[in-house]
Protein chains: 2
Amino acid sequence: MSKAPRQPDSKAGAKPRRKNSAANEVYAALKEGIAEFRLIPGDKFSEGDIASRLAVSRTPVREALYRLQREGHVDVRFRSGWQIKPFDFRQIEELYDLRITLERAAVHKICRLTSPPAVLQQLQAIWHPDHPSERAIGSTVRVLDERFHCDLVAAAGNREMTRIHLEITERLRIVRRLDFTRPYRVDATYTEHGEILDALADNQPQMAAEKLTHHILASQASVRDITMEKIQAAAEAHQQRQALDE
Amino acid sequence: MSKAPRQPDSKAGAKPRRKNSAANEVYAALKEGIAEFRLIPGDKFSEGDIASRLAVSRTPVREALYRLQREGHVDVRFRSGWQIKPFDFRQIEELYDLRITLERAAVHKICRLTSPPAVLQQLQAIWHPDHPSERAIGSTVRVLDERFHCDLVAAAGNREMTRIHLEITERLRIVRRLDFTRPYRVDATYTEHGEILDALADNQPQMAAEKLTHHILASQASVRDITMEKIQAAAEAHQQRQALDE
DNA sequence: GTCAGTCAACTTGTATACAACCGCTACCGC
DNA sequence: GCGGTAGCGGTTGTATACAAGTTGACTGAC
């Protein structure tokens, strides 16, 4: 495995732990590493590596790795090490597509509800362009946008759908974090969210679904090129590091 | 934990193993136990219980339990044991609802494909009521039905959607297995599948979606009452066992 | 009889030890 | 020079040992 800078180990020597905090810390550290591209798709590593690097035993490392495996971030080959799963553009596209399916279903469901869920009011207050109070800026918008979509799905009232959608959101977050430094589609986001909410308020599911689809596709497009770019850069950096290791 | 009959341990004393077969065996044994209601929702047990019962160490047991936990079958409380998750009727309903959402989206996608996927031909051959060759009977129909729906979603070409759908199918299988002994809706299944395939062949997504929805709802209804019944019976048996333990 | 406090058994979380197995390299025969 | 094979380092899979926390029952006072 390429020698990434040692993770800041926040609990060196701290033996007593609550819950399975060690496993959780390993999980969080690895996931952050993947999200911030210190761990590059294709990187190989062993359980022992991670364990000594984070100063824990292999047991919590294994638990964390199995979680990540189930989430599709890493993979293991029998007695021959782990690796970060190669980046899969098609998978990203498919996840966005799935989001569209789920969220369209959600707005239809919302319109079929007998009484509109309270959360719509709150979303109106945050997002409606006529709203006079302060607007969020920069990457905050992205976080709020994520929240918007999750709230929308949750409002439809199917908890399993909400759970699945959350899982997808999690996996896409890693990609979306890539363009943190960019000026985000702030105005567009406000406009589009406003349109969706208006359509919902008017009980026009078709319109809401169309606006929603458009919004997600726009967001996807915004993310797509920067993703390509970053992945490329990360892959090159990775190759350089590997060359340096020899 | 109530004393369920000892699982048949197929590999007592067999030390050398390939893959993590011990973990897989534990997983399979537990899942079967849950599916067949030897492990009743609410049952409490410890890792040590399972380990000694299946003659393995706690390590593979833990791995299996964490898998089941992620799938929503069991839950753990910190240093205080595991339990089979209480049966959640609402969850079942929600999963069926989610199936409808995903499968409707799938048929729409299929109709938008430039060339119809080859699997449709195969499904026609199996399911079309005019088809002269042999029909499946009894519980085989249920297995084939499951396959039908998975194939349909797979044909839409979104692998992530296929994966999620498969996960849902897995979780519903436990419920569907409940009415193994019943005469299944054989004729209805053939008719309804035939209608869906016809609509797809005619490239009528709306029609296909409607027929599909109707079919899933019928299946759900068929399962609903028997589920109630069995759960009731299982819960009573469980109470009796508990009373007997004292 | 009831309630609070204590304690011991039990449970999970983590660390460590050991065994089986994969992949690679170096060596040997040709 | 080349092919095949044996051996070795490294990796995961499993077992076991130990630590920390929870639960529930028992005991004692009131």
Side-chain angles (χ1 to χ4, degrees), chain A residues 1-3 9-30 39 42-70 74-85 242 245-246, chain B residues 1-3 9-30 39 42-70 74-85 242 245-246:
Chain A
M1 169 184 194
S2 56
K3 287 184 195 103
D9 72 17
S10 50
K11 38 105 226 77
K15 272 287 176 70
R17 289 201 192 82
R18 288 187 53 79
K19 278 289 198 180
N20 45 5
S21 64
N24 286 334
E25 278 174 34
V26 173
Y27 173 81
L30 286 175
L39 294 169
D43 261 357
K44 287 178 185 166
F45 57 93
S46 76
E47 297 171 0
D49 282 344
I50 311 288
S52 61
R53 188 169 301 193
L54 297 179
V56 294
S57 82
R58 274 179 55 214
T59 312
V61 172
R62 279 172 68 80
E63 193 188 313
L65 283 173
Y66 280 120
R67 271 173 75 181
L68 288 166
Q69 182 188 33
R70 201 133 303 123
V74 300
D75 224 344
V76 62
R77 283 181 329 194
F78 183 56
R79 279 180 226 276
S80 126
W82 293 77
Q83 74 168 344
I84 310 291
K85 261 200 172 176
Q242 268 196 335
D245 277 2
E246 284 155 14
Chain B
M1 167 182 194
S2 55
K3 287 183 197 103
D9 71 18
S10 49
K11 38 104 227 78
K15 271 287 174 72
R17 289 203 191 84
R18 289 186 53 79
K19 278 290 198 181
N20 44 7
S21 64
N24 285 335
E25 277 174 35
V26 174
Y27 173 81
L30 285 174
L39 294 169
D43 261 358
K44 288 178 184 165
F45 58 92
S46 76
E47 296 171 1
D49 281 344
I50 311 288
S52 61
R53 187 169 302 193
L54 298 179
V56 295
S57 80
R58 274 179 55 215
T59 312
V61 172
R62 281 172 68 80
E63 194 187 312
L65 283 174
Y66 281 119
R67 272 174 75 183
L68 288 165
Q69 181 187 32
R70 203 135 304 123
V74 300
D75 225 344
V76 61
R77 282 181 330 194
F78 183 56
R79 281 182 225 277
S80 126
W82 295 76
Q83 73 168 344
I84 310 292
K85 261 199 173 178
Q242 268 195 336
D245 277 1
E246 285 155 14

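The shown structure was predicted, so the numbers you read here are calculated from the model rather than taken from an experiment. So you know, we letter chains A, B, ... as the sequences are listed, proteins then strands, and number each from 1.
- Separating the CH2 atom of B:Trp82 from the P atom of C:dG13 is a distance of 7 Å, rounded to the nearest angstrom.
- A:Ser46 contributes a side-chain N or O that, together with a main-chain N or O of A:Asp49, makes up a donor-acceptor pair within less than 3.5 Å.
- Checking C:dT14, C:dT12, D:dT16 against every side-chain atom of B:Ser46, the shortest atom distance belongs to C:dT12.
- Side-chain contact between A:Tyr66 and B:Arg67 is absent, with no heavy-atom pair separated by less than 4.5 Å.
- Contact check for A:Glu47 versus A:Leu65: side-chain heavy atoms found under the 4.5 Å cut-off.
- Rounded to whole angstrom, the span from the CD atom of B:Gln83 across to the C1' atom of D:dT22 amounts to 15 Å.
- As a whole-Å value, the separation of A:Asp49 CG from D:dG10 C1' is 11 Å.
- Here the C1' atom of nucleotide D:dT11 and the CG atom of A:Asp75 are 15 Å apart, to the nearest Å.
- A 4.5 Å side-chain heavy-atom check between A:Gln83 and A:Arg77 finds every atom pair outside the cut-off.
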Could you check B:Glu25 against B:Leu54 for side chain to side chain contact (heavy atoms under 4.5 Å, CB included), going step by step and ending with a plain yes or no? CA-CA 9 Å; B:Glu25 277 174 35; B:Leu54 298 179; over 6 Å; no
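- Side-chain contact between A:Val26 and A:Ile50: present, with at least one pair of heavy atoms (C-beta onward) separated by less than 4.5 Å.
- Straight-line distance from the CD atom of A:Glu25 to the P atom of C:dG13: 15 Å, rounded to whole Å.
- Picking from D:dA15, D:dT12, C:dA15 the nucleotide with the shortest atom distance to the side chain of A:Ser57 gives C:dA15.
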Could you list the protein-to-nucleotides 23-26 of chain D atom pairs, N/O on both sides, closer than 3.5 Å?
none

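- Within residues 61-68 of chain A, the residues having any heavy atom closer than 4.0 Å to DNA chain D are, in order of number, A:Arg62, A:Tyr66.
- Once rounded to the nearest 0.5 Å, the distance linking CH2 of B:Trp82 with CG of B:Leu39 reads 13.5 Å.
- Counting only heavy atoms from C-beta outward, the side chains of A:Val74 and A:Lys85 never approach each other to under 4.5 Å.
- Across all their heavy atoms, B:Ala22 and B:Val56 have their closest contact at CB-CG1, 4.4 Å.
- Per the geometry, CG belonging to A:Leu54 stands 19 Å off P belonging to C:dG13, to the nearest Å.
- If you measure from atom CZ of B:Arg58 to atom C1' of C:dC10, you get 11 Å, rounded to the nearest angstrom.
- Counting to the nearest Å, the C1' atom of C:dT14 and the CG atom of A:Asn24 are 13 Å from each other.
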